[in-house]
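Report on one structure; see the data block that follows.
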Amino acid sequence: MKPKPILIDTDTGVDDAMALVLAFNSPELSVKAITTVAGNIDVAKCTRNVERILDLLNVQDRPIVAEGARRPLRLPLLRASEVHGKDGLGDVPEYLPRSRKSKHPRAVETILRCCDLYGSRLTIVAIGPLTNLALAWKKNPRVMRKVGRIVTMGGALRVQGNTGPVAEFNYFVDPDAAHMVLNSGISVTVIPLDVTHQAVVMRKEMEYRARRRTGRVALAILKFTEAYMKYHLDTLGFNGGYLHDPMAVGVAINPGLVKTRNVHVDVESRGTYTRGMTVTDLQEHLDSSQTTVDVAVAVDRERFLKLFHDRLWK
Ligand code: RIB
Ligand code: CA
């Protein structure tokens, strides 16, 4: 089977980095481009982190790496360095290749070029705020609409948020962009906290699996995830981490990993207490015949975790 062409749009934090490793270790996917967006950390650091991961993996058929939005469409940028470290990869530079200085094309043009080139064969895996995708849609909706599907990690349907009580980080950072993408008419699959909170990897398992392998990649993964997991231990009481972004890549590999519902969903962007909240019509009060958005409501946790570990520690 020919590999599926994908573009990954990322705010290259720790779970993004694991998602990149999963993508490049999966023969089902062909990563044509990676575009960076401000979110977990500043966009320049996101771009540098992408290059570091590509060097760590020694990726031969290197994708385009393009740099995108420095801030959300309207609101000030909220970062998450307390979760991902000041550099976005757990602040362990000694275990990662030094970042290389290189020029990068712009993300919006790269997104539109890929939509034009690959058309409905292309899947965009968006694992950060949706600013770049919204800007591409604003710039040329006709071309953007050629994409096959957008898989976006974001939102919280029936569970508490992780950024304030009701919002998930990616959609909190840029609620206007999320609103635009979900209302663009493009086929979208939303991977919310409702399912990613079911996919936790514990520190002990990371150590067990990493120690059974030699080589610098397994050691680097173990090291750059350490602070991310310590954050969860300190704040939520478990020494492990959620696999938010790897699940979006997992769904690009095998959409059957999640059960989805085609319902009306939108994102609050003006609320005083509800900025970034996903408002999802799960009771189907509204006519959803025109909606192009599928939301994941269940995940085959065991199958996803098996795929994750089989590929991460390859
Ligand atoms: O809420 C989790 C999401 O926000 C993940 O994409 C994580 O990397 C952060 O960007
Ligand atoms: Ca992310």
Side-chain angles (χ1 to χ4, degrees), residues 6-23 34-43 45-50 53 68-69 71-72 75 77-90 107 124-133 150-175 177-178 181 188-201 221 224-225 227-229 231-232 235-236 240-252 267 275-278 295-296 299 308:
I6 69 167
L7 177 148
I8 298 175
D9 188 74
T10 171
D11 60 339
T12 337
V14 171
D15 61 323
D16 304 69
M18 288 192 279
L20 290 175
V21 176
L22 175 60
I34 301 174
T35 52
T36 58
V37 62
N40 288 322
I41 46 167
D42 292 335
V43 70
K45 290 182 181 177
C46 295
T47 310
R48 187 186 64 187
N49 287 348
V50 168
I53 296 297
R71 49 158 300 169
L75 295 163
L77 175 61
L78 172 82
R79 301 172 185 79
S81 49
E82 73 282 2
V83 184
H84 299 270
K86 290 190 184 60
D87 72 357
L89 289 183
I124 293 176
V125 183
I127 52 178
L130 294 173
T131 315
N132 289 337
L133 276 60
I150 295 170
V151 178
T152 158
M153 189 281 135
L157 311 184
R158 290 180 278 205
V159 297
Q160 287 275 310
N162 61 4
T163 309
V166 296
E168 174 280 326
F169 180 81
N170 289 334
Y171 290 7
F172 180 90
V173 168
D174 200 337
V181 170
V188 177
T189 301
V190 175
I191 308 294
L193 295 180
D194 303 64
V195 289
T196 65
H197 274 175
Q198 296 176 44
V200 174
V201 60
I221 293 170
F224 75 61
T225 56
Y228 180 70
M229 296 187 169
Y231 170 82
H232 289 91
T235 57
L236 296 170
Y242 292 119
L243 301 177
H244 303 293
D245 296 340
M247 189 176 290
V249 169
V251 171
V267 177
R275 165 184 161 175
M277 180 177 184
T278 21
V295 294
V299 59
F308 174 75

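One-based numbering, in listed order, for ligands and for the atoms of each.
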message = Can you list everything that forms a ring pair (Phe, Tyr, Trp, His ring centres under 6.0 Å) with Tyr228? Sequence neighbours excluded, please.
response = His84, His232
key: Side-chain donor/acceptor of Thr12 to backbone N/O of Cys46, under 3.5 Å   = yes
Side chain Asn40, main chain Asp11, donor-acceptor under 3.5 Å = yes
remark   = Of Asn132, Asp9, Thr47, Asp42, the one forming a side chain to side chain donor-acceptor pair (under 3.5 Å) with Thr36 is Thr47
query = Backbone, side chain, both or neither: what part of Val14 comes under 4.0 angstrom of ligand 1, heavy atoms only?
reply = neither
ask   = Would a distance-only check, ignoring hydrogens and angles, find a side-chain to backbone donor-acceptor pair under 3.5 Å from Thr278 to Ala156?
value = yes
ask   = When you look for heavy atoms under 4.0 Å from ligand 1, do you find them on the side chain of Asn162, its backbone, both, or neither?
value = side chain
inquiry  = Determine whether a donor-acceptor pair (N or O, by modelled atom type, separation under 3.5 Å) exists between the side chain of Asn170 and the backbone of Gly154.
reply    = no
request  = Considering only NZ, NE, NH1 and NH2 on the basic side and carboxylate oxygens on the acidic side, decide whether Asp87 and Lys45 come within less than 4.0 Å.
outcome  = no
key: Leu78 CG to Arg71 CZ distance, which is reported to the nearest 0.5 Å   = 12.5 Å
query = So what's near the Ca ion (ligand 2), protein N, O or S atoms under 3.0 Å?
reply = Asp11 OD1, Asp16 OD1, Asp16 OD2, Ile127 O, Asp245 OD2
query = Taking the minimum heavy-atom distance to atom 4 (O) of ligand 1, which of Asn170, Ile127, Ile41 ranks first?
reply = Asn170
note = Here the atoms of ligand 1 under 4.0 Å from any heavy atom belonging to Asp15 are 5 (C), 6 (O), 7 (C), 8 (O)
ask   = Between the side chain of Asp194 and the main-chain N/O of Leu157, is any donor-acceptor distance below 3.5 Å?
value = yes
remark   = Within 4.0 Å of some non-hydrogen atom of Glu168, the atoms of ligand 1 are 1 (O), 2 (C), 3 (C), 4 (O)
inquiry  = Pairs of nitrogen or oxygen atoms closer than 3.5 Å, one from Leu193 and one from ligand 1: do any exist?
reply    = no
task = Below 4.0 angstrom from a heavy atom of Asp16, which ligand 1 atoms are there? Numbered from 1 as shown, please.
result = 8 (O)
Side chain, backbone, both or neither: the part of Asp245 lying under 4.0 Å from ligand 1 by heavy atom = side chain
query = Considering only protein heavy atoms, which is closest to atom 9 (C) of ligand 1, and at what distance to one decimal place?
reply = Asn40 OD1, 3.2 Å
ask   = Knowing that exactly one of Asp16, Ile41, Thr10 qualifies, which makes a side chain to side chain contact (heavy atoms under 4.5 Å, CB included) with Asn49?
value = Ile41
